[in-house]
Amino acid sequence: MLEIRNLTARIGDKQILNGISLTVQDGEVAAIMGPNGSGKSTLSYVISGRAGYEVTDGEVLLNGENILELDAHERAARGVFLAFQYPLEIPGVTTMTFLKAAMNAQRKQRGEAELSTPEFMKTVRSAADKLGVVQEMLRRALNVGFSGGEKKRLEVLQMALLEPKFAILDETDSGLDIDALRIVAEGVNALRRPDRSFLVITHYQRLLDYIVPDSVHVLSKGRIVTSGGKELALELEKNGYRDYVAEPV
Ligand SMILES: Nc1ncnc2c1ncn2[C@@H]1O[C@H](COP(=O)(O)OP(=O)(O)OP(=O)(O)O)[C@@H](O)[C@H]1O
Ligand SMILES: [Mg+2]
């Protein structure tokens, strides 16, 4: 279970998160919606431990442990995973090498043995096939020259390989064609388990037809202004955010 308690955070002197409280139970898929600039990506970065954000108050408890006190790689080892809105390009490192390093780093942190190359190849091939990621992509430099949709598929492949406990998908649907959206959503659905939870950030209710959320939360000006079920996403699609704007802090 992930419990966010009164989380406030800033970048430099700019306050971005203004007291977020949210509980995501094991097995739950929570969707976060909200206008551009409301703090959705910032929330995902603060949970995953990206540098540059100052937490000024609050806690993020993963099964009772305050992960804000841990480094990003320690959080990853605990099973926190973030699929980036804008995946990073790393020239000079092949996708395959990156995936192997990511899996082995996590295994090391967990005190598990490194995967042998044949074991790794078998695992990665089977997961890649399911998500329609072709082998040729895996031999190319990470994300370099990948199309928007290819980058998003690769994020979901990483997620499948790292078997997270708490996965955040930041606009994983943006830039996907209709078939890719279905493939990616099926990939996510296949990973749904009673002991794994998801935070799905999206602008479009369409994704939530495929990945059906248990709860929907609306962020405005760094605060959750309303929460509901799947029907809330349908209402937002119809009416926009006009009924859910946070008062200035
Ligand atoms: N490094 C930074 N320096 C200054 N302001 C920043 C920085 N990073 C983010 N912000 C600001 O924080 C606010 C929240 O940004 P964030 O990326 O979290 O929004 P978002 O809800 O993910 O938006 P979108 O739907 O467009 O992805 C924005 O006003 C943004 O300009
Ligand atoms: Mg964002």
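When a ligand or atom number is given, it counts from 1 through the structure's own listing order.
Remark: D209 engages K230 in a salt bridge, criterion side-chain N to carboxylate O under 4.0 Å. Residues K151 and E89 are paired through a salt bridge, judged by an N-O separation under 4.0 Å between the basic side chain and the carboxylate. Ion pairing between a basic and an acidic side chain is recognised when a charged N comes within 4.0 Å of a carboxylate O; K152 and E150 show no such pairing.
Contact annotation: N36 places no N, O or S atom under 2.8 Å from the Mg ion (ligand 2). Because the distance cut-off is set at 2.8 Å, Q85 qualifies as a neighbour of the Mg ion (ligand 2) through one of its N, O or S atoms.
Protein heavy atom nearest atom 31 (O) of ligand 1, with residue, atom name and distance: K14 NZ, 3.7 Å. Of the protein's non-hydrogen atoms, I16 CD1, 3.0 Å is the one closest to atom 12 (O) of ligand 1. Shortest contact from atom 17 (O) of ligand 1 to any protein heavy atom: S41 CB, 3.6 Å. For atom 9 (C) of ligand 1, the nearest protein heavy atom (residue, atom name, distance) is I11 CD1, 3.6 Å. Atom 15 (O) of ligand 1 has as its closest protein heavy atom T42 OG1, 3.7 Å.
Within the listing of ligand 1, atoms 19 (O), 21 (O) sit less than 4.0 angstrom from a heavy atom of S38. Taking every non-hydrogen atom of H203 and a distance limit under 4.0 Å, the qualifying atoms of ligand 1 come out as 25 (O). Interface of Q85 with ligand 1, defined as ligand atoms under 4.0 Å from a residue heavy atom, comprises 27 (O).
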Exercise for the section: Please report the C-alpha distance between E65 and R78 in whole Å, then the side-chain angles of each, then the deciding distance to 0.1 Å, and finally whether the salt bridge (Lys or Arg N to Asp or Glu O under 4.0 Å) criterion is met. Expected result: CA-CA 10 Å; E65 180 184 27; R78 302 282 196 285; 2.8 Å; yes
Dump the intermediate steps for salt bridge (Lys or Arg N to Asp or Glu O under 4.0 Å) on E112 and K108, then the final yes or no.
-> CA-CA 5 Å; E112 297 164 6; K108 198 172 166 198; over 6 Å; no
Query - Working for salt bridge (Lys or Arg N to Asp or Glu O under 4.0 Å), residues R192 and D214 - result: CA-CA 12 Å; R192 288 179 83 155; D214 300 296; 3.6 Å; yes
Can you list the steps and then say if S41 with S44 is a side-chain hydrogen bond (donor to acceptor under 3.5 Å, both in side chains)?
-> CA-CA 5 Å; S41 293; S44 68; 4.9 Å; no
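Within the model, atoms OG1 of T226 and CG of L232 stand 5.5 Å from one another, a figure rounded to the nearest 0.5 Å. I32 contributes atom CD1, which lies 12.0 Å from atom NE2 of H203 (distance to the nearest 0.5 angstrom).
The shortest N or O to N or O distance between G37 and ligand 1 is below 3.5 Å. Any N or O atom pair closer than 3.5 Å counts here, and K40 shares at least one such pair with ligand 1.
Looking at N36 against ligand 1, both its backbone and its side chain come within 4.0 Å, counting heavy atoms.
Residue-ligand proximity: G39 is placed with a non-hydrogen atom under 4.0 Å from ligand 1.
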